[in-house]
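All values below come from the heavy atoms of this structure, side chains included, with hydrogens, waters and symmetry mates left out.
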Amino acid sequence: MSSPISARDIEYPESDGRPMGESDLHRDWMVRIIELLKRRYHGRQVYVSGDLLVYYEEGDPRKFVVPDAFVVKNSDPTQRRVYKLWEESGPPDFVFETTSLSTRRKDEVVKPRIYERLGVKEYFLYDPTGEYLKPALQGYRLEDDGYTQLEPDSSGALESRELGLLLRLESGALAMFDIQTGQQLHTDAETERAAKEAERTARLAAEAEVERLRNQLRNRGDS
């Protein structure tokens, strides 16, 4: 007589065997969004991840969803191999999906049903090509009767109350802004490039000023 399988013996795979993204553009945006959110919450008790298997029913490894990016507040920020809902403080507070041709139906129909059932408070979608979603940036907030689509403000931005961010499109590209400071979120690499460019601009301005003063001195000496 065989013994029953213990919950400890059930394997929860770390991959669903599917590719991460449909195209370079969609993959790059997915990675960038994760990096933006990781930098925002660096050093805080907030877990940020993406393209990670989220298992939501103990004992059934078929019950999972793979958000492109998600945020769990008041949570251990250390890395995980998978996210098991029953071992965590709760479901993600915020989920972001980068929509492509192959993921459109799942992002608009299948995943929202799962996220609603799990209690994900906010759900955003972005189509970097602008071909599959109309509008290309959409946001939803969980209310008593399900998800309600967010209306843009006068600047065209959608508010994420959970993250304290404004999200809007600028020339078709997603931009995120801190509501309190108004500062735009950037990745570490983008911040480093901007700092180097500012340093270069300052150096060129200083060199130009030195040259101007030298010319001024030469002109006085010639007079």
State which residues pass salt bridge (Lys or Arg N to Asp or Glu O under 4.0 Å) with [X]; sequence neighbours excluded, sorted by chain then number.
| X | answer |
| --- | --- |
| Glu87 | none |
| Glu88 | Arg80 |
| Lys38 | none |
| Lys73 | Glu162 |

Would [X] and [Y] show up in the same hydrophobic cluster when neighbours are defined by side-chain heavy atoms closer than 4.5 Å?
| X | Y | value |
| --- | --- | --- |
| Phe177 | Leu165 | no |
| Ile114 | Val109 | no |
| Leu52 | Val72 | yes |

Only counting residues at least two apart or in another chain, list the ones meeting side-chain hydrogen bond (donor to acceptor under 3.5 Å, both in side chains) with [X].
| X | result |
| --- | --- |
| Gln180 | none |
| Thr98 | none |
| Asp153 | Ser155 |
| Arg117 | none |

Closest heavy-atom pair and its distance - [X], [Y]:
| X | Y | answer |
| --- | --- | --- |
| Thr99 | Arg104 | CG2-CA, 3.7 Å |
| Ser89 | Asn74 | OG-O, 3.7 Å |
| Ser15 | Leu53 | CA-CD1, 3.9 Å |
| Gln184 | Ala175 | NE2-CB, 3.6 Å |
| Gly139 | Leu158 | N-CD1, 3.4 Å |
| Val48 | Leu37 | CG1-CB, 3.7 Å |

Student check: side-chain heavy atoms of [X] and [Y] closer than 4.5 Å:
| X | Y | result |
| --- | --- | --- |
| Glu190 | Leu36 | yes |
| Leu85 | Pro91 | yes |
| Met176 | Ile33 | yes |
| Lys111 | Thr103 | no |
| Val54 | Val65 | yes |
| Asp127 | Lys134 | no |
| Arg39 | Leu185 | no |
| Leu133 | Glu108 | yes |

Inter-residue atom distance [X].[atom1] - [Y].[atom2], 0.5 Å rounding:
| X | Y | atom1 | atom2 | answer |
| --- | --- | --- | --- | --- |
| Glu58 | Asp60 | CD | CG | 11.0 Å |
| Trp29 | Ser23 | CH2 | OG | 12.5 Å |
| Leu118 | Lys63 | CG | NZ | 11.0 Å |
| Asp76 | Gln45 | CG | CD | 6.0 Å |

Distance-only, no hydrogens or angles: does the [X] side chain make a donor-acceptor pair with backbone N or O of [Y] under 3.5 Å?
| X | Y | value |
| --- | --- | --- |
| Arg141 | Glu159 | yes |
| Tyr55 | Pro13 | yes |
| Glu97 | Leu125 | no |

Query - Exceeds 12 heavy-atom contacts within 6.0 angstrom, atom CZ of Arg81 - result: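 No.
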
Query raised in the report: Tell me the ring pair (Phe, Tyr, Trp, His ring centres under 6.0 Å) pairs involving residues 92-120, sequence neighbours left out?
Result: Phe94-Phe124, Tyr115-Tyr123

Donor-acceptor pairs under 3.5 Å, side chain of residues 143-151 to any protein atom, not counting sequence neighbours: which ones?
unit_1: Tyr147; atom_1: OH; unit_2: Val120; atom_2: O; d: 2.7

Report summary line: By ring-ring contact (aromatic ring centres under 6.0 Å, His included), Tyr140 pairs with (sequence neighbours left out) none

Query raised in the report: By ring-ring contact (aromatic ring centres under 6.0 Å, His included), which residues pair with Phe70, not counting sequence neighbours?
Result: Tyr47, Tyr83

Report task. List the steps and the verdict of side-chain contact (heavy atoms from CB on, under 4.5 Å) for Arg105 and Val110. Result -> CA-CA 7 Å; Arg105 182 182 179 279; Val110 179; 3.4 Å; yes

